[in-house]
Amino acid sequence: MSGCEVFNKVILTDFLEVNRQELRGWLQDEGGCSLDWTPYLQHVCKLEGRQPSAWTEKAAKLRQVIMDIVPIDVHSPQPLALDVLPSAGADCLVSCYCLESVSPDLSAFTRALGNIGRLLRMSYYFGAHGVKIPTVPVNEAQVCASLKETGYTMIRLEVYKLPPDLNDWGDDASDVFFVKAMKE
Ligand SMILES: C[S@@+](CC[C@H](N)C(=O)[O-])C[C@H]1O[C@@H](n2cnc3c(N)ncnc32)[C@H](O)[C@@H]1O
């Protein structure tokens, strides 16, 4: 409910079709919902420092940003269908009382955490077809600061913006840089 104040695209998920149907009922706002979410919306407005009466605005905003309601299985190495998220991944995941309540033991919980973690956005490059390897995303200022911190003197730094046709090639970088530095 708070996510709709920050994100303009939200995807709801559940394992069970009956639960997804309930969410669809609320989303469509045509009386097909068996639970009254009003007190929950009011409470969240209060937590956000707003009047509980702002709940109607929040409900409208939520209905605007929820793009889809899809199946998920957190125990699968690929919890969502491939086309649900943009290829870069999601910016944020919210799991409330899900992983712990659907995992039979701690190792299943940890595996599930890893499975959903792969849905999150991370910088990457492709080592081979389908082999996505994580990288640390750095910008120019961070590279300069790291060089300085480790005792290098920068001689030259060139930054090239990748043209759009190269942008989606083997990684998610927007720029590449070449640096010449000297260790004192
Ligand atoms: C305890 S309920 C929590 C529901 C809700 N988030 C809440 O806080 O009330 C657990 C939810 O996990 C869903 N679930 C069951 N098996 C799952 C699985 N393998 N992957 C993802 N969700 C699952 C259930 O359908 C149910 O909605």
Side-chain angles (χ1 to χ4, degrees), residues 1-137 168 171-172:
M1 288 178 184
S2 287
C4 72
E5 308 295 340
V6 186
F7 298 102
N8 55 16
K9 285 185 184 168
V10 171
I11 294 168
L12 303 183
T13 66
D14 200 280
F15 184 74
L16 294 177
E17 170 56 19
V18 66
N19 290 349
R20 297 194 297 272
Q21 198 50 50
E22 182 64 25
L23 293 169
R24 265 179 231 122
W26 181 82
L27 192 62
Q28 283 154 8
D29 198 17
E30 288 167 0
C33 187
S34 56
L35 188 75
D36 179 11
W37 288 94
T38 312
Y40 298 88
L41 289 158
Q42 288 173 333
H43 185 67
V44 173
C45 286
K46 220 164 109 190
L47 292 176
E48 289 172 354
R50 288 186 287 158
Q51 292 297 322
S53 57
W55 76 270
T56 49
E57 256 168 56
K58 184 177 278 296
K61 208 180 251 183
L62 259 177
R63 288 191 169 103
Q64 203 182 325
V65 301
I66 294 171
M67 298 289 131
D68 212 347
I69 300 170
V70 299
I72 186 164
D73 180 3
V74 297
H75 297 311
S76 160
Q78 191 191 298
L80 295 175
L82 274 177
D83 56 351
V84 169
L85 293 176
S87 61
D91 291 318
C92 177
L93 294 176
V94 178
S95 163
C96 302
Y97 195 26
C98 173
L99 298 189
E100 61 276 45
S101 66
V102 306
S103 299
D105 50 39
L106 184 60
S107 46
F109 172 86
T110 309
R111 266 197 312 277
L113 201 53
N115 292 339
I116 63 164
R118 282 188 287 278
L119 301 173
L120 284 168
R121 181 190 291 275
M122 60 174 180
S123 275
Y124 65 89
Y125 72 98
F126 281 105
H129 184 68
V131 183
K132 211 174 189 182
I133 299 171
T135 59
V136 181
D168 216 18
D171 58 34
D172 66 343

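Order of appearance sets the numbers: ligands from 1, and atoms from 1 within every ligand.
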**Request:** Mind checking whether I72 contacts ligand 1 via backbone (N, CA, C, O), side chain (CB onward), both or neither, at a 4.0 Å heavy-atom cut-off?
**Result:**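 Both backbone and side chain.
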[X] heavy atoms, cut-off 4.0 Å: which ligand 1 atoms fall inside?
X    : value
N19  : 25 (O), 26 (C), 27 (O)
L16  : 25 (O)
S101 : 1 (C), 10 (C)
H75  : 19 (N)

**Message:** As a check for students: among D14, T13, V74, identify the option with a heavy atom nearest to atom 26 (C) of ligand 1.
**Reply:**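 The residue whose heavy atom sits nearest atom 26 (C) of ligand 1 is D14.
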Residue and atom name of the nearest protein heavy atom (relative to [atom]), distance in Å to one decimal:
atom                    : answer
atom 6 (N) of ligand 1  : C96 O, 2.8 Å
atom 2 (S) of ligand 1  : Y97 O, 3.9 Å
atom 17 (C) of ligand 1 : F15 CB, 3.3 Å
atom 12 (O) of ligand 1 : V102 CG1, 3.5 Å
atom 19 (N) of ligand 1 : D73 OD1, 2.8 Å

**Prompt:** Sequence neighbours excluded, which residues qualify as side-chain hydrogen bond (donor to acceptor under 3.5 Å, both in side chains) partners of S53?
**Reply:**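 Listed in chain order: nothing, the list is empty.
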**Prompt:** Got a donor-acceptor contact below 3.5 angstrom from the R50 side chain to the W55 backbone?
**Reply:**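 Flag not set: sc R50 to bb W55 has no pair under 3.5 Å.
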**Prompt:** D68 side chain to V70 main-chain N or O, any donor-acceptor pair under 3.5 Å?
**Reply:**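 Pair absent, no side-chain N/O of D68 close to backbone of V70.
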**Message:** Is atom 9 (O) of ligand 1 near the protein, in the sense that some protein heavy atom lies at less than 4.0 Å from it?
**Reply:**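 It does not: no protein heavy atom is found less than 4.0 Å away from atom 9 (O) of ligand 1.
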**Request:** Search all heavy atoms of S103 against all heavy atoms of F109 and return the closest pair with its distance.
**Result:**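 Reported closest heavy-atom pair: OG-CA, 3.4 Å.
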**Message:** Could you report the tightest heavy-atom contact between N115 and P77, atom names first, then the distance?
**Reply:**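 Where N115 meets P77 most closely, the heavy atoms are OD1-CA, 3.5 Å.
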**Request:** State the CD1-SG distance between I66 and C4, to the nearest 0.5 angstrom.
**Result:**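 It is 8.0 Å, given to the nearest 0.5 Å.
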**Request:** Determine, for D91 against R121, whether the closest basic-nitrogen to carboxylate-oxygen distance falls under 4.0 angstrom.
**Result:**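 Salt bridge flag = yes for R121 with D91.
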**Item:** Candidates I69, L62, L35 - the one meeting side-chain contact (heavy atoms from CB on, under 4.5 Å) with W26
**Value:**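 When side-chain contact (heavy atoms from CB on, under 4.5 Å) is applied between W26 and each of I69, L62, L35, only L62 qualifies.
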